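Right, one structure below, let's go through it.
Numbers for residues simply follow the sequence, beginning at 1. Side-chain atoms are counted along with the backbone in the values below, which use heavy atoms only and exclude waters and symmetry mates. Computed from a predicted model, the values in this text were never measured in an experiment.
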Amino acid sequence: RIINNGSISAETPRPNSAPYTATKHAITGLTKSCALDGRPFDIACGQIDIGNANTDMAAKMREGIPQADGSIKIEPTMPVEDVADAVVFMSTLPPESNVLRMTVMATKMPFVGRG
């Protein structure tokens, strides 16, 4: 089983994030191709899209980050352990089952309706 690390930015980018967004969008294509090409070999491939996990990378979210409307706002984060729990769920499914894509994010982050 392969679990790729995607991002919600692949679907809904942040301002000034073209390189990051492009690479995460590529991960989505890779995941789908591997899921298809892995079938004859019983290899399942999925992707977890993470939003605002409380890691060093999210430090700027806690201080304020540019929004699509030009404002700077503090964004909520979630415990990184919640991401780990989601990966464990994906990885422990039986071989005949797969999560192709899962989004785990801070509940109140501005993702749904961003822009």
Side-chain angles (χ1 to χ4, degrees):
R1 183 176 304 273
I2 299 167
I3 300 173
N4 290 323
N5 183 11
S7 172
I8 63 172
S9 289
E11 296 297 322
T12 307
R14 294 183 175 279
N16 305 310
S17 66
Y20 180 79
T21 297
T23 58
K24 291 304 184 176
H25 193 74
I27 294 296
T28 300
L30 175 67
T31 299
K32 291 178 180 180
S33 292
C34 288
L36 177 62
D37 295 345
R39 286 178 187 171
F41 307 101
D42 294 325
I43 298 171
C45 185
Q47 174 175 325
I48 187 162
D49 295 326
I50 303 164
N52 290 10
N54 194 5
T55 65
D56 290 344
M57 186 175 169
K60 59 188 174 187
M61 274 88 173
R62 295 184 299 274
E63 298 165 7
I65 189 165
Q67 304 295 309
D69 65 3
S71 65
I72 304 290
K73 294 182 182 172
I74 294 172
E75 291 190 9
T77 59
M78 66 175 176
V80 71
E81 293 82 7
D82 294 346
V83 177
D85 291 343
V87 171
V88 168
F89 170 77
M90 293 173 75
S91 67
T92 57
L93 286 172
E96 61 273 5
S97 299
N98 187 38
V99 174
L100 182 62
R101 287 186 77 178
M102 177 187 283
T103 300
V104 61
M105 57 184 256
T107 302
K108 294 184 179 181
M109 72 173 288
F111 169 63
V112 179
R114 184 187 294 176

Of all heavy-atom pairs between [X] and [Y], which one has the smallest distance, and what is that distance?
| X | Y | value |
| --- | --- | --- |
| I48 | A86 | CD1-CB, 3.7 Å |
| T31 | G46 | CG2-C, 3.5 Å |
| N52 | P76 | ND2-O, 3.0 Å |
| T77 | A58 | CG2-CB, 4.3 Å |

Legend entry - Whichever hydrophobic residues join M61 through chains of side-chain contacts under 4.5 Å: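 Cluster partners of M61: I65.
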Legend entry - Remaining members of the apolar cluster that contains I43, side-chain heavy atoms under 4.5 Å: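 Its cluster partners, ordered by chain and number, are I2, F41.
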Inset, instruction - Tell me, please, which residues at least two apart from T107 pass side chain to side chain contact (heavy atoms under 4.5 Å, CB included). - result: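 Once residues adjacent in sequence are excluded, T107 has no partner under the side chain to side chain contact (heavy atoms under 4.5 Å, CB included) criterion.
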Inset, instruction - Could you tell me which residues satisfy side chain to side chain contact (heavy atoms under 4.5 Å, CB included) with F89, sequence neighbours excluded, listed by chain and number? - result: L93, V99, M102
Restricting to pairs with a member in [range], which pass side-chain hydrogen bond (donor to acceptor under 3.5 Å, both in side chains), not counting sequence neighbours?
| range | value |
| --- | --- |
| residues 54-64 | N54-R62 |
| residues 19-30 | S7-Y20, S17-T21, T28-Q47 |
| residues 91-106 | R1-N98, E11-R101, D49-R101 |

Inset, instruction - Please answer whether the main-chain N or O of S71 pairs with a side-chain N or O of D69 as donor and acceptor at a distance below 3.5 Å. - result: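 Indeed, once roles are kept as given, a pair shorter than 3.5 Å links the two residues.
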So do the side chains of [X] and [Y] get within less than 4.5 Å of each other, counting heavy atoms only?
| X | Y | result |
| --- | --- | --- |
| I8 | R14 | no |
| P110 | Q67 | yes |
| M78 | M109 | no |

Table please: side-chain donor-acceptor pairs of residues 32-39 below 3.5 Å, with sequence neighbours left out.
| from | atom 1 | to | atom 2 | distance (Å) |
| --- | --- | --- | --- | --- |
| S33 | OG | G29 | O | 3.1 |

Legend entry - Joint hydrophobic cluster, V104 plus M90, side-chain heavy atoms closer than 4.5 Å: yes
